[in-house]
Number of protein chains: 4
Amino acid sequence: MPLSPDQKAEIDAQRAQSHSTLRATAAGMEQHLYTAYPVLDHGFVRVIDYMGDDAAIVQAARVSYGAGTKHVQNDEGLIRYLMRHWHSTPFEMCELKLHVKLPVFVARQWIRHRTANVNEYSARYSILDREFYIPAPDMLAAQSTTNNQGRGAALEGEEAQRVLRILTEDAMRCYDHYEGMISQEGQQGLARELARMNLPANIYTQWYWKVDLHNLLHFLRLRADAHAQYEIRVYAEEICRLVADWVPYAYKAFEDYRMGGANLSAPALECVRRMLKGEVVTQETSGMSKGEWREFEGVMNGPA
Amino acid sequence: MPLSPDQKAEIDAQRAQSHSTLRATAAGMEQHLYTAYPVLDHGFVRVIDYMGDDAAIVQAARVSYGAGTKHVQNDEGLIRYLMRHWHSTPFEMCELKLHVKLPVFVARQWIRHRTANVNEYSARYSILDREFYIPAPDMLAAQSTTNNQGRGAALEGEEAQRVLRILTEDAMRCYDHYEGMISQEGQQGLARELARMNLPANIYTQWYWKVDLHNLLHFLRLRADAHAQYEIRVYAEEICRLVADWVPYAYKAFEDYRMGGANLSAPALECVRRMLKGEVVTQETSGMSKGEWREFEGVMNGPA
Amino acid sequence: MPLSPDQKAEIDAQRAQSHSTLRATAAGMEQHLYTAYPVLDHGFVRVIDYMGDDAAIVQAARVSYGAGTKHVQNDEGLIRYLMRHWHSTPFEMCELKLHVKLPVFVARQWIRHRTANVNEYSARYSILDREFYIPAPDMLAAQSTTNNQGRGAALEGEEAQRVLRILTEDAMRCYDHYEGMISQEGQQGLARELARMNLPANIYTQWYWKVDLHNLLHFLRLRADAHAQYEIRVYAEEICRLVADWVPYAYKAFEDYRMGGANLSAPALECVRRMLKGEVVTQETSGMSKGEWREFEGVMNGPA
Amino acid sequence: MPLSPDQKAEIDAQRAQSHSTLRATAAGMEQHLYTAYPVLDHGFVRVIDYMGDDAAIVQAARVSYGAGTKHVQNDEGLIRYLMRHWHSTPFEMCELKLHVKLPVFVARQWIRHRTANVNEYSARYSILDREFYIPAPDMLAAQSTTNNQGRGAALEGEEAQRVLRILTEDAMRCYDHYEGMISQEGQQGLARELARMNLPANIYTQWYWKVDLHNLLHFLRLRADAHAQYEIRVYAEEICRLVADWVPYAYKAFEDYRMGGANLSAPALECVRRMLKGEVVTQETSGMSKGEWREFEGVMNGPA
């Protein structure tokens, strides 16, 4: 992620300006504000603004539950209770605004999370930079042989080299042609909104993305998951680190109840009950399909 | 709005704690933070937190439009352009969190605006206070004789007194019975979630309400409008004053293009064009229905 | 639920008109269309329209996964896979429109589910009917002594009688006064939008409510749950019966993976693993709080 | 739009199966169901399902306004009133499900409308077809010289030929390489989720898109507008034709009050009032900026 000198100077300037405020502040997040954390070869994530902290979650919950909550629990206990019981509205009282630079094919997955605010760089209006995601060689995975939507082992030797050469050359050629088509030297110059159609999906775009904590955690649960595509997962993991510093109680509860937890179906629960009584249960006697049984065994065996 | 000593002390404490932050701050809003501004007889609006300012709107727009916007306009000009052309996403980059105390029948209208986050005081969990909205005598309006959904002149003399007496006595009696039913002295005590059904719709509730600026302005356009019910309009007007101090450029644009503007239909525009050419247009020759023509005349004559 | 003769005639007329369509139809739902199923003492639920069926879920999923899904699974297997893996978008491709008559305090809970379309009867515009929810005597529960948000045993004898008398008398008196205040005989008559504030929260309102299947199932998971307030749960249960006839595969998957399933936290899963290896785990050695351990035991013991 | 024989057969089969239903049907829409209407060179729009009709809008409004609406107006008058006064909820009671095939760069604009349900063809899971949007020669517009976000005249002669050749050759080469990289003949084969990054933004994708009528009309207002990019506008215009047959009253009101109407700002209204009194108003005396005055003149002069 080679930031331009202009960008570096802008970030330094943003970090140099301290203001006085009566609002709640989160010390863990102040240290991250504006800094661009690199992701993939040219991407980044940086926090532009935030609203609220762990205490704001508790504060909102106490409005709902009134005096009844006062004697109950400390802040962390209340946050864990809210997370465990799917009380989503107090978590919506925190908000995060990110500036993200990411390949277009990652942006296309990301935007499917609809409950967020987005301002994306407009290739109708402005000219995209010559920056493309080219995977690191050890991330050039083969198609999985068991799962249509997945990766297998990394490509080896010559095949990997061939793929990298293709991705790089096609990106450069398409961008050369993009530049050539919009050029107004000696010709009219094609409209930007048309010329952009020649750019492949690994070109980088950028956006401001603003989301409340509840919907952010939902995004992270799906995109920081081991089954998510690597190229979006690394963004989610970077954001996880930021959230852990911002709202540490909420993030710990999220790890315990969402990321590290599992949803067991009614038949799966019944199997666990039988197994705890000493019965040997097999897929055939479980009432589950083969696919479900395989997933159940994965949960029971735990992380490798 | 008699704040309790506890509430006053809490607000004072919140206003006394200043923090240092690297985030954007809006001086116009800092002065309002936490303070409870009275609305109706027992209600209030107070700002709990905010994200962004006029500059944050511009910043988000410039991400979208890239270098193309740099030479164009100053901040106010760009904000006015965005508002005029219904570019809603940059305004979504600001966020406001309010604490509102309001009668239940107002809350029922308010909640219809779905794109917001809400934590309401739970009468399932906690006991509601004995606070009811009783209109000021000059706000006791008669049913409009021309409009099913509207008010006419204020009730006069004895009728007004009778209405005030009814509203007050019924509220007190219902609340006495509510207290009596949930009491556990000498009886089991009815569940709170059931007892609350005896409380009339002028009882006060409260909530935290968090919304982005675009959706907030949409709310204000509908609820600060002259056709909105008085009891919600006074909340909207109070919020307008806060927003004007928070994002003055955006608020001015909102006043010019939304609150003070009007949407003219295709037939109405055609009438204006004919009238500007000197033609005398009547309802009969306008192509508009009587209702639409009456509204058109209202717009053309301007505010009284 | 005494339907008026007008309402009965309207429903009969709606059920008598059969049309020819090229759209997907669900035989299980056609039999329910328009019929008002009673809920509580004066409420009902009736289906006004629906879009899609089990096959529409599959159809949408196959658009997403293309040829890759063709060889995979039968329809039911695919629906179960989608539900198990939280693929929500195919379920959003079905839509349901209900007409519901319900007490205001139930409507206030219901409306918190924001991702739905609503048209509610307007008490600003029209006059509410004299219909109030008065609980059946065996549903007059005492406040729970262990849970702020819950019910205990039914009230006994005289206390129950007293509560019923209060609820009934206050409702009738408030409605008498409502009628009196809006009356225009011998007086101006208070505006409807004001007079309604005198009506307690057990008065019935009604609305059209339209929602996609994914969000409907989320609503049902929370509101058909044993912890939901009885007065909204009975509506959810009635809707469950309708959904089971409409999209039987999806509903069965919902029962297995959502209603009958449970989310186990990371610490809870670790306990299960240790217990399956023969270890005796107690709350003290579980790493869980007392509250969480109690809930964990509840899941492990299964439905009573 | 060369439909494959399989697709044609599927559409024929869908149109051949008529069912009996008690639901509301819209004859104008039944005739369009399933048929693929061509858009651009390989794209299409086709209706998969719909819910409701003009009468359903009225029906929902009458639930809200109760007996008060009965004597007022005929259906068309009521629909026009609702549209004129921004009553959006009754229009949300109709729903449309489309199957759309469209270039990726069009899909990227389209998806910004968040209040809709989407199932898109997954290039993670399945292999994309070799189909790219290549503009018709007369649609190869130059960049506007006055508007960063716009088009000027069509490219001429040799430049147009050069652009078409580039777009075609780059598309074919990138697709050849895509196929080559995922091939498992004599090599491992790159994962589909990675190989897709080599495909330019004019490749076609497809999705099911489901939306309520209110949000659909908002989409059409922005995307069927003369300022929208041509490549999305042709989709919007095709959908306009379908909606006009589906809900003719609502569509006519939409044309009059939205598409053909204009929003005049407070200063613009004041200018109109002064002009109607005979005053000659210029930009300098208007209180409007140059940009706003230019737009105001455009509205006053009417469509060319």
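We name chains A, B, ... by the order of the sequence lines, and we start the count at 1 in each one. In what follows, every heavy atom counts, from backbone to side chain, and hydrogens, waters and symmetry copies are set aside.
The ring-ring contact (aromatic ring centres under 6.0 Å, His included) search around C:Phe91 returns none, not counting sequence neighbours. Residues that satisfy the salt bridge (charged side-chain N to carboxylate O under 4.0 Å, His left out) test with C:Lys210, not counting sequence neighbours, are C:Glu95, D:Glu95.
Near-neighbour residues of residues 13-25 of chain D relative to chain C, defined by a heavy atom under 4.5 Å from a heavy atom of that chain, comprise D:Gln14, D:Arg15, D:Gln17, D:Ser18, D:His19, D:Ser20, D:Thr21, D:Leu22, D:Arg23, D:Ala24, D:Thr25. At a heavy-atom cut-off of under 4.5 Å, chain C is reached by D:Asn117 from residues 108-117 of chain D, listed in order of number.
Ranked by heavy-atom pairs shorter than 4.5 Å toward chain C, the options D:Ile127, D:Asp49, D:Asp212, D:Val118 are led by D:Asp49.
Between D:Gln59 and C:Ile48 there is a side-chain heavy-atom pair separated by less than 4.5 Å.
In this structure, D:Asn119 contributes its side chain and C:Ala61 its backbone to no donor-acceptor pair below 3.5 Å.
If you measure heavy-atom distances from C:Val47 to chain D, you find no contacts under 4.5 Å at all.
Taken to the nearest 0.5 Å, the OH atom of C:Tyr208 stands 11.5 Å off from the CZ atom of D:Arg62. Distance check, rounded to the nearest 0.5 Å: OH of C:Tyr50 to CE of D:Met51 gives 9.5 Å.
Counting non-hydrogen atoms of other residues, nucleotides and ligands closer than 6.0 Å to CZ of C:Phe219 gives a total above 12. By the 6.0 Å contact criterion, OH on D:Tyr34 is enclosed, its count of non-hydrogen atoms from other residues, nucleotides or ligands being greater than 12.
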